[in-house]
J.: 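Before anything else, here's the structure in question.
Letters A, B, ... are given to chains in the order of the sequence lines, protein chains preceding strands, and every chain is numbered from 1. Note that the structure is a prediction, hence the values are computed from the model and not measured.
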Protein chains: 2
Amino acid sequence: MTDAQQLGFRALSDPTRRRILQLLAREDLTIAEVAENFQMTRAAVKKHLAILNEGHLIKVETVGRTRRNSLDPDGLRRVYDWFGFFDQFWDDRLNALKSEIEKDVQ
Amino acid sequence: MTDAQQLGFRALSDPTRRRILQLLAREDLTIAEVAENFQMTRAAVKKHLAILNEGHLIKVETVGRTRRNSLDPDGLRRVYDWFGFFDQFWDDRLNALKSEIEKDVQ
DNA sequence: ATTAAATGAAACCATTCGGTATCACATGGA
DNA sequence: TCCATGTGATACCGAATGGTTTCATTTAAT
């Protein structure tokens with residue numbers, strides 16, 4: 001258990017962590033830079049980053065004495081794909097997309 | 001805080017609750033019927049259903065002495081849509097979907 | 001009217017969670 | 001070398017979480 005998808009969903013369950021992902025969508029950031037956007041301590045932010053990393057939603061690259069955090073699109077995709085199970089329940093959106101594409105094809 | 005989206009993400013963070021949603025995707029179920037699929041007590045399952053309801057991921061209809069639980073596609077979509085923020089990061093999937101549909105069309 | 005069935009609800013418990021404070025370690029620059 | 005900067009890591013705390021047990025309430029059926 002505690003498979004990758006579960007760790008991903010767990011990581012997304014906290015609003016701070018979701019906001020961090022949105023920050024990282026704009027640019028890669030060090031821990032300190034991420035922490036500037038919140039009122040909590042750097043240690044708390046680091047914990048959030050660790051959980052995001054466990055869920056494979058971000059990647060970390062050590063550069064000298066800093067650590068650059070960046071989005072991991074593949075991990076995000078793995079969670080996102082879970083919703084595909086329910087495609088039948090929001091046909092309206094899929095159909096809208098489909099007719100858009102069909103228009104392109106013709 | 002504790003907005004609708006947060007309650008949705010919170011509801012999805014537990015694997016039991018995600019499995020319940022998949023069961024309800026096939027058919028509406030009473031609490032007892034949902035509980036048959038798990039080893040935990042009915043009381044525990046009922047708690048999970050309450051959290052799913054708070055996140056607006058399911059709807060509940062009282063029928064006599066039973067309660068029929070059904071999927072709430074709108075609430076599910078509200079969580080799903082959060083991922084739209086990251087569209088730029090998985091263009092490959094959109095393209096894969098597009099070619100799948102194009103194959104259907106031809 | 002009784003009784004069984006389906007659910008509601010509360011008390012309780014161990015664990016996890018989100019946060020803090022604190023200290024140690026590593027690295028770059030004067 | 002010395003020191004400031006950026007990070008790692010641990011102990012600790014209150015609150016939330018996921019589960020149980022137990023009992024009350026409502027409804028269907030005999």
Side-chain angles (χ1 to χ4, degrees), chain A residues 1-24 27-70 72 79, chain B residues 1-24 27-70 72 79:
Chain A
M1 324 320 103
T2 71
D3 55 303
Q5 198 173 60
Q6 167 56 20
L7 292 177
F9 271 109
R10 179 228 188 187
L12 287 179
S13 69
D14 183 87
T16 298
R17 288 194 287 268
R18 292 199 302 279
R19 188 158 160 235
I20 290 177
L21 290 179
Q22 295 185 328
L23 292 175
L24 294 180
E27 51 176 339
D28 298 354
L29 296 173
T30 66
I31 297 181
E33 287 169 343
V34 172
E36 288 172 8
N37 293 274
F38 300 92
Q39 294 191 317
M40 65 192 74
T41 62
R42 181 191 54 76
V45 169
K46 185 188 169 285
K47 277 194 183 181
H48 283 305
L49 288 170
I51 292 174
L52 285 169
N53 193 45
E54 287 171 15
H56 298 98
L57 302 184
I58 67 173
K59 294 184 219 168
V60 188
E61 179 199 5
T62 300
V63 180
R65 68 180 160 187
T66 74
R67 282 163 59 96
R68 292 216 85 70
N69 301 275
S70 62
D72 184 345
V79 180
Chain B
M1 307 288 136
T2 71
D3 55 301
Q5 199 174 60
Q6 167 56 21
L7 292 177
F9 271 109
R10 176 228 191 189
L12 287 178
S13 70
D14 183 89
T16 298
R17 290 194 286 269
R18 292 199 301 279
R19 187 157 161 236
I20 289 177
L21 290 179
Q22 294 185 326
L23 292 174
L24 294 180
E27 52 176 340
D28 298 352
L29 295 173
T30 66
I31 297 182
E33 287 169 343
V34 172
E36 288 172 8
N37 293 274
F38 299 91
Q39 294 190 315
M40 66 191 73
T41 62
R42 181 192 54 75
V45 169
K46 184 188 168 286
K47 278 193 182 183
H48 283 304
L49 288 170
I51 292 175
L52 286 169
N53 193 45
E54 287 171 16
H56 298 99
L57 302 185
I58 66 173
K59 293 185 220 168
V60 187
E61 179 198 5
T62 300
V63 180
R65 68 180 160 187
T66 74
R67 284 163 56 98
R68 291 216 86 69
N69 301 274
S70 63
D72 184 345
V79 180

J.: Using atom CZ of B/Arg10 as one end and atom P of D/dA15 as the other, report the distance to the nearest whole Å.
T.: 17 Å

J.: Could you give the CD-to-P distance, from B/Glu36 to C/dT7, as a whole number of Å?
T.: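 My rounded result for the distance is 10 Å.
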
J.: From B/Lys47 NZ over to B/Asp14 CG, what is the distance, rounded to the nearest 0.5 angstrom?
T.: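 CG of B/Asp14 is found 12.0 Å from NZ of B/Lys47.
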
J.: C/dT16 C1' sits how many Å from A/Arg17 CZ, rounded?
T.: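 Those two atoms, CZ and C1', are 12 Å apart.
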
J.: Donor-acceptor pair, distance only, cut-off 3.5 Å: does the side chain of A/Asn69 make one with the backbone of A/Leu29?
T.: yes

J.: Please assess B/His48 against B/Met40 for the test side chain to side chain contact (heavy atoms under 4.5 Å, CB included), listing each intermediate value before the final yes or no.
T.: CA-CA 11 Å; B/His48 283 304; B/Met40 66 191 73; 3.8 Å; yes

J.: Side chains of B/His56 and B/Leu7: does their closest heavy-atom pair fall under 4.5 Å?
T.: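 Side chain of B/His56 against side chain of B/Leu7, heavy atoms only: no contact under 4.5 Å found.
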
J.: Find the distance A/Ile20:CD1 to C/dG18:P and express it as a whole number of Å.
T.: 11 Å

J.: Walk along nucleotides 19-30 of chain D from 5' to 3' and tag each nucleotide B, S or - by protein heavy-atom contact under 4.0 Å, base first, then sugar-phosphate.
T.: BBB-----BS--

J.: Just checking B/Arg68: base, sugar-phosphate only, or nothing, at a heavy-atom cut-off of under 4.0 Å?
T.: nothing

J.: Separation of B/Leu7 atom CG from D/dA16 atom P, in whole Å?
T.: 13 Å

J.: Once you apply a heavy-atom cut-off of 4.0 Å, does B/Thr30 come out as touching a base, just sugar-phosphate, or nothing?
T.: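 It contacts sugar-phosphate atoms only.
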
J.: Would you kindly give the CG-to-C1' distance between A/Asn69 and D/dG6, to the nearest whole Å?
T.: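 The answer, rounded to whole Å, is 12 Å.
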
J.: What is the distance, to the nearest angstrom, from the CD atom on A/Gln6 to the C1' atom on D/dG18?
T.: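 Checked: the CD to C1' distance equals 13 Å.
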
J.: Any sub-3.5 Å donor-acceptor pair from B/Gln6's side-chain atoms to A/Ser13's backbone N or O?
T.: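 Present.
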
J.: Taking B/Arg68 for the side chain and B/Asp28 for the main chain, is one N or O donor matched with an acceptor at less than 3.5 Å?
T.: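 Yes: the side chain of B/Arg68 pairs with the backbone of B/Asp28.
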
J.: Grab the CG-P distance between A/Asn53 and D/dG8 for me, whole Å please.
T.: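 So the CG-P distance, A/Asn53 to D/dG8, works out to 10 Å.
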
J.: Would the distance check show the side chain of B/Arg17 and the main-chain N or O of B/Leu12 forming a donor-acceptor pair, the cut-off being under 3.5 Å?
T.: no

J.: Once you apply a heavy-atom cut-off of 4.0 Å, does A/Leu49 come out as touching a base, just sugar-phosphate, or nothing?
T.: nothing

